[in-house]
Each structure stands twice: as C-alpha cells, then as structure tokens.
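Working notes for the structure below.
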Protein chains: 2
Amino acid sequence: MRRSGTRREAILAAIAAGEADVDGLAARFGVSPSTIRRDLQRLSAERAIARTYGGAMLAPMAEEQSLGAREGMNRGAKAAIAAAALDLVPEGETLILDGGSTIAAFGRLLRGRRHRIITNNLPLIALLADQPGIELVVLGGAVRPISMSTSGPLAEAALRCLTADRLLTSADGLMPGLGLCEATLEQVSLKSLMMQRAAAVTVLADASKLGRAGQPCWAPLPARWTLVTDAPERASEAFGAEGAEVVRAPGAG
Amino acid sequence: MRRSGTRREAILAAIAAGEADVDGLAARFGVSPSTIRRDLQRLSAERAIARTYGGAMLAPMAEEQSLGAREGMNRGAKAAIAAAALDLVPEGETLILDGGSTIAAFGRLLRGRRHRIITNNLPLIALLADQPGIELVVLGGAVRPISMSTSGPLAEAALRCLTADRLLTSADGLMPGLGLCEATLEQVSLKSLMMQRAAAVTVLADASKLGRAGQPCWAPLPARWTLVTDAPERASEAFGAEGAEVVRAPGAG
DNA sequence: CGCGTTTTGCGCATTTCGCGCAGGTTCCTG
DNA sequence: CAGGAACCTGCGCGAAATGCGCAAAACGCG
C-alpha cells in the first residue's frame with residue numbers, strides 16, 4: 001500500500017501546523033493510535049520528527065544557515081548562562097534585550113513570566129509575541145542579516161524615548177579596562193545608548209569571549225555591571241576587580 | 001534550598017552534553033527521578049527543553065505558527081492577488097509593506113528581486129532578511145500579537161524619517177467613499193501616515209473585504225490609488241468610479 | 001483466483017508521568 | 001530566639017503512553 005507514505009507526509013504537515021498529539025492525529029486521519037504511533041516511530045527514525053510524550057514535534061534541523069550554525073555553537077553553555085542570568089532578573093522588570101543568540105536563549109526563558117521587553121533581537125519576537133504576560137516593543141531600524149537584529153539611527157531614536165530597569169546584552173569580545181567590542185561602530189553606538197537607558201547592565205558571555213579583542217570597535221562599560229559567564233574564575237577575576245559582579249554558570253559536561 | 005536553580009542549569013548543560021534520560025540524570029545528580037521529573041517539567045515550561053518519553057532534549061530554536069494557521073485561509077486567493085500586484089511594482093522601488101498575511105504573501109514574492117523595504121510586518125523579516133538584493137528597514141513600536149506587526153508612536157516616528165515610492169497595504173474592510181477600516185485607531189493612524197509617506201498606494205484585498213464595514217476605525221484613501229482584488233468587476237466598480245485603478249487577479253482555483 | 005507482503009487494529013505487560021501527601025530545610029519576621 | 005511561610009524533596013498510587021506480539025484485512029502480482 002503506497003498510501004501510508006502519503007499519510008506520513010500528511011502527518012508531517014499536520015505536525016508542522018501544530019497538530020501534535022497522537023490521539024488528535026488518529027482522529028484526524030481516521031486510524032488507530034497504534035498506527036499513528038508506528039508512523040511517528042518511523043518518521044522519528046528518519047530524523048524528520050522527534051517524539052514527545054503523547055505526541056511529536058518537528059525535528060531540530062541539524063544545520064542550516066549562518067545563524068543556525070552559530071546558534072548551535074556553545075549551545076549548552078549559552079543555555080546554562082541564560083538560566084543563571086534568569087535568577088538575577090525579578091519578574092515584572094522592564095528589560096532591554098540586545099541582539100545575538102545568547103540573548104535569544106535568555107529571552108526564551110522569559111516565556112510564562114511577566115515583563116515589558118524592548119528589543120532589536122528579531123528571532124526573539126516570534127518566541128515572545130504570543131505570551132500574554134509580556135509586552136513587546138521592537139526597536140526599528142536597518143536589519144543586519146548576519147545577526148538578525150536591527151540597528152542604526154532609527155533604533156537609537158526609538159531608544160531615546162524609552163528607559164528600562166535592566167539591559168541584557170552580549171558582545172563579540174570583552175576586555176578588562178576596554179569594555180566590550182563589536183564589528184561596527186553602529187553596533188557599539190547602539191549598545192552604549194542601551195547602557196545609558198537601563199538602570200542595570202548585565203552582560204552574558206561564554207568563555208570564548210573573555211579577554212578576546214577580535215573586533216575594532218569598543219563600548220566602555222558602566223561603573224557597576226554584572227557579568228554572567230561559564231568561564232572559570234581565573235578568566236573572569238579581572239572583571240571583578242574593576243567593578244563587575246561576576247556570576248558563574250556551571251560549564252557544560 | 002535555592003540551590004535547585006543551580007541544578008537546573010547543570011541539568012541543562014548535561015542534556016546539551018547528551019545525558020538525556022531521567023534515570024541517568026537522577027543518578028548523575030544523586031536525587032530521585034521525581035525531582036528530575038519536576039526539574040524537567042519546569043525547564044519545559046520555560047521552553048528551554050522539550051520533554052521526550054523518559055527524558056528530554058534541547059528545545060528547537062524555531063517555533064511559532066499560530067499565525068501560520070490563519071495564513072492558510074484564502075491562501076490561493078491571496079497568492080493570486082499577490083502575484084497580480086507584483087506586476088505593478090517595478091524592480092528597484094522603495095516599498096512600504098504593511099502588516100497582514102496578504103502583504104506577507106506579496107513580500108514572499110520579492111525574494112530574488114532588488115528593493116528597499118520598509119515594513120512593520122514581522123513574519124516578513126525572516127523571509128527577506130537573507131536576500132542580498134533587499135535592504136530591509138523595520139518600523140519599531142509595540143507588537144500586536146494578533147497580526148504580528150508593530151504600530152504605535154514609535155512606528156510613526158520612524159516613518160516620519162522615511163519616504164517610499166509605493167505603499168502596499170490591506171485592510172479589514174473597504175467601502176467606497178469611506179476608505180478602509182481597521183479594528184483600532186492606532187492601526188488606521190499608521191496606515192494614514194504610510195499613505196502620506198508613499199508616492200503611490202496599492203491596496204490588496206480579497207473579495208471578502210470589499211464592501212465590508214466590520215470595523216469602526218476608518219482611514220480615507222488618497223485621490224489616486226490602486227486596488228488589486230480577486231472579486232468580480234461588479235463588486236469593485238464602485239471603487240473605480242471614485243479614482244481607484246482596479247486590477248483583477250484571477251480567482252482562486 | 002491464489003499467494004506473499006505490507007499494513008492495520010487490538011490486547012497485554014512494562015514504563016513513565018502527574019499528583020497528592022508528609023517530612024525536612026531555609027529564610028523571614030515578630 | 002521562636003514561630004511561620006515558602007520551598008524543595010522523596011514516596012506511593014492511579015492514569016496515561018509506549019512497545020511488542022498476533023491475527024485479520026488490503027494490496028500487488030503472477
């Protein structure tokens with residue numbers, strides 16, 4: 001029977017459309033849950049989907065574009081850093097969330113919480129827009145495809161109309177005494193303005209960023225700020241010596 | 001004990017490292033499977049992981065398709081209207097693309113072309129950001145989850161810094177003499193400003209929108225504008241009589 | 001029409017999950 | 001310093017989901 005292949009494609013489409021539980025799919029296609037289970041098992045073996053308890057979800061794509069590849073890098077570390085940063089942020093605060101995959105990982109954890117979010121992090125919008133407890137404001141401006149974020153004069157103009165309790169940001173590199181570095185002046189200009197507009201500054205950076213000066217454009221850090229990192233203490237103590245509160249997230253493994 | 005937060009981060013790291021089953025995690029951390037289960041439940045609620053049968057996996061970065069469901073409605077008609085509208089737009093123009101699924105369908109057709117795009121249509125960003133021939137500017141502002149678009153004072157302020165060759169917009173309803181209607185004043189205020197800022201106005205509306213006054217807030221249309229619709233001529237001739245150029249798209253089929 | 005292959009549905013044992021309950025620890029407060 | 005609130009933890013129980021084996025049905029092919 002060639003039809004089963006057709007049904008598996010339809011199941012794939014149904015899962016992509018949100019129909020995710022075994023019983024629902026069984027009713028939808030008029031077959032028994034056992035059959036759906038077998039189909040899901042096969043699709044799972046083909047790496048097309050991933051099984052969940054009582055259902056299935058689209059498989060996490062192995063690799064994709066430039067952004068997806070970088071998101072995969074240090075993913076565990078970023079998730080751990082994001083979770084550690086979450087404990088520092090009281091519910092109800094107004095947050096500025098900067099661009100970058102580390103901040104996106106943090107933003108995902110805000111689902112279910114109550115916050116006002118100001119962000120130029122475009123992938124984050126889809127993750128938070130449906131949350132009833134979250135009021136989302138997007139900073140406009142020109143889109144940087146590499147980082148999927150906005151920047152430029154329009155973003156800065158919008159930011160000048162807003163203030164926040166806390167900024168969460170990351171960087172291409174951090175150096176004691178210099179601050180954080182990025183590839184373009186446009187980026188550091190926006191980051192500096194974000195720091196001015198937030199009462200507290202929290203920087204999320206994995207171990208590979210500390211002590212790295214790989215970019216030419218620098219933004220100084222405020223007198224008091226918080227660093228959340230998975231790096232060992234010897235790599236971060238220099239920041240602590242110059243006014244940063246250092247929070248360690250457990251390293252992967 | 002506040003340490004549980006620390007353990008949850010460690011669990012996150014362990015899952016990223018491949019340790020994925022409940023019993024293994026319980027043994028790894030020296031706690032009962034019940035506790036691990038609770039931790040996984042909590043991480044799952046935070047969307048940091050996804051539960052599987054007997055374990056967990058890192059949450060996929062991409063999700064969200066509540067909009068996708070509505071996008072399916074009148075999909076054929078919208079695609080036909082979008083294709084017809086594409087013929088009206090010369091390559092190289094600077095376009096304002098309003099929110100809504102009809103405009104999103106149009107924007108998808110711009111892939112591979114050369115344009116400057118100004119938009120508050122959030123789903124469109126992911127579709128066009130990777131296109132080398134397209135320069136993308138996002139209007140910031142508050143996010144309306146229902147339509148996945150931005151609006152409000154910030155969007156209008158940004159728009160006041162920009163002009164465009166053409167506006168492509170849609171509406172909840174169109175009436176001869178009245179213009180187009182939307183659910184909120186905020187929406188029509190932004191649409192009116194978009195019309196002022198664009199040298200030409202093109203409205204995409206399927207047959208169900210014509211002659212419908214289902215919303216209380218109205219924006220008048222300019223003296224000359226273009227209507228692209230799949231409705232039969234008798235439904236659109238009233239608009240032609242008051243200055244609109246009417247372009248018919250072949251009905252869905 | 002007969003046969004082999006594939007698919008499907010069902011029952012059963014096993015595993016996992018969710019929830020309530022009791023005990024213990026931490027922290028805050030009067 | 002004592003009391004209490006909040007939290008975490010472990011355990012047991014009922015419910016749900018899973019995997020497996022087996023028999024019946026559907027399909028393709030000679």
Side-chain angles (χ1 to χ4, degrees), chain A residues 1-15 18-60 80 83-93 109-114 133 245 247-250, chain B residues 1-15 18-60:
Chain A
M1 202 201 281
R2 193 50 53 65
R3 284 253 271 299
S4 53
T6 302
R7 188 187 55 223
R8 273 196 295 278
E9 292 166 23
I11 287 176
L12 211 48
I15 290 173
E19 186 77 54
D21 61 303
V22 170
D23 291 329
L25 289 168
R28 176 101 166 66
F29 292 97
V31 295
S32 74
S34 295
T35 301
I36 297 293
R37 228 183 294 281
R38 264 185 288 251
D39 289 333
L40 296 183
Q41 196 171 28
R42 190 154 167 178
L43 288 167
S44 177
E46 294 168 357
R47 308 281 178 184
I49 63 168
R51 289 302 315 276
T52 62
Y53 186 81
M57 58 191 296
L58 288 181
L86 188 66
D87 291 340
L88 306 175
V89 179
E91 192 140 355
E93 276 195 352
L109 303 182
L110 298 178
R111 290 181 64 101
R113 290 172 53 121
R114 191 172 48 81
E245 177 190 357
V247 175
R248 278 214 57 213
Chain B
M1 208 205 279
R2 268 293 140 56
R3 285 246 268 301
S4 54
T6 302
R7 189 187 55 226
R8 282 189 289 118
E9 295 158 26
I11 288 176
L12 213 47
I15 290 172
E19 188 77 53
D21 61 302
V22 170
D23 290 329
L25 289 169
R28 175 106 165 64
F29 293 97
V31 295
S32 74
S34 294
T35 301
I36 296 293
R37 228 183 293 282
R38 264 185 287 251
D39 289 334
L40 296 182
Q41 194 172 31
R42 190 156 168 178
L43 288 167
S44 176
E46 292 169 356
R47 296 297 193 272
I49 62 169
R51 288 303 316 273
T52 62
Y53 188 81
M57 59 188 293
L58 287 181

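In what follows, every chain begins at residue 1, and chains take the letters A, B, ... in the order their sequences are listed. What's counted below: heavy atoms across the whole structure, side chains too, no hydrogens, waters or symmetry copies.
Whole-Å rounding puts the B:I11 CD1 to D:dC8 P distance at 13 Å. Straight-line distance from the CG atom of A:L25 to the C1' atom of C:dG9: 17 Å, rounded to whole Å. Atom P of nucleotide C:dT25 and atom CZ of B:R7 are separated by 16 Å, given to the nearest angstrom. Summarising the geometry, the separation between CD on B:Q41 and P on C:dG20 is reported as 12 Å, rounded to the nearest angstrom. Rounded to whole Å, the distance from CG on B:D39 to P on C:dG18 is 13 Å.
Sorted by first and then second residue, the ring-ring contact (aromatic ring centres under 6.0 Å, His included) pairs involving residues 31-50 of chain B (not counting sequence neighbours) form an empty list.
One finds no side-chain N or O of B:R8 lying less than 4.0 angstrom from the OP1 or OP2 phosphate oxygen of D:dC8. Listed pair A:S32 / C:dT8 fails the phosphate criterion, with no side-chain N or O lying under 4.0 Å from OP1 or OP2.
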*When you look at A:I11 and A:R7, which way does the side chain to side chain contact (heavy atoms under 4.5 Å, CB included) test go after all the steps?*
CA-CA 6 Å; A:I11 287 176; A:R7 188 187 55 223; 4.3 Å; yes
*Decide side chain to side chain contact (heavy atoms under 4.5 Å, CB included) for B:T52 and A:M57; before the verdict, give the C-alpha distance in whole Å, the side-chain angles of both, and the deciding distance to 0.1 Å.*
CA-CA 10 Å; B:T52 62; A:M57 58 191 296; over 6 Å; no
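Side-chain proximity of B:R38 to the nucleotides C:dG20, D:dG19, C:dC10 is greatest for C:dG20. The side chain of A:R42 lies closest to C:dT7, out of C:dC19, C:dT7, C:dG9. With D:dG19, C:dG11, D:dC11 as the choices, the nucleotide that has an atom nearest any side-chain atom of A:S34 turns out to be C:dG11.
Under the rule for a ring pair (Phe, Tyr, Trp, His ring centres under 6.0 Å), B:F29 has no partner lying at least two apart in sequence or in another chain.
From A:R38, atom CZ reaches atom CG of A:L43 across 14.0 Å, with rounding to the nearest 0.5 Å. Taking CG of B:D39 as the reference point, atom OG of B:S44 lies at 12.0 Å (rounded to 0.5 Å).
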Detail all sub-3.5 Å separations between protein N/O atoms and N/O atoms belonging to nucleotides 14-16 of chain C.
residue	atom	partner	partner atom	Å
C:dT15	O2	B:Y53	OH	2.8
C:dT16	O4'	B:Y53	OH	3.2
C:dT16	O3'	B:G54	N	3.4

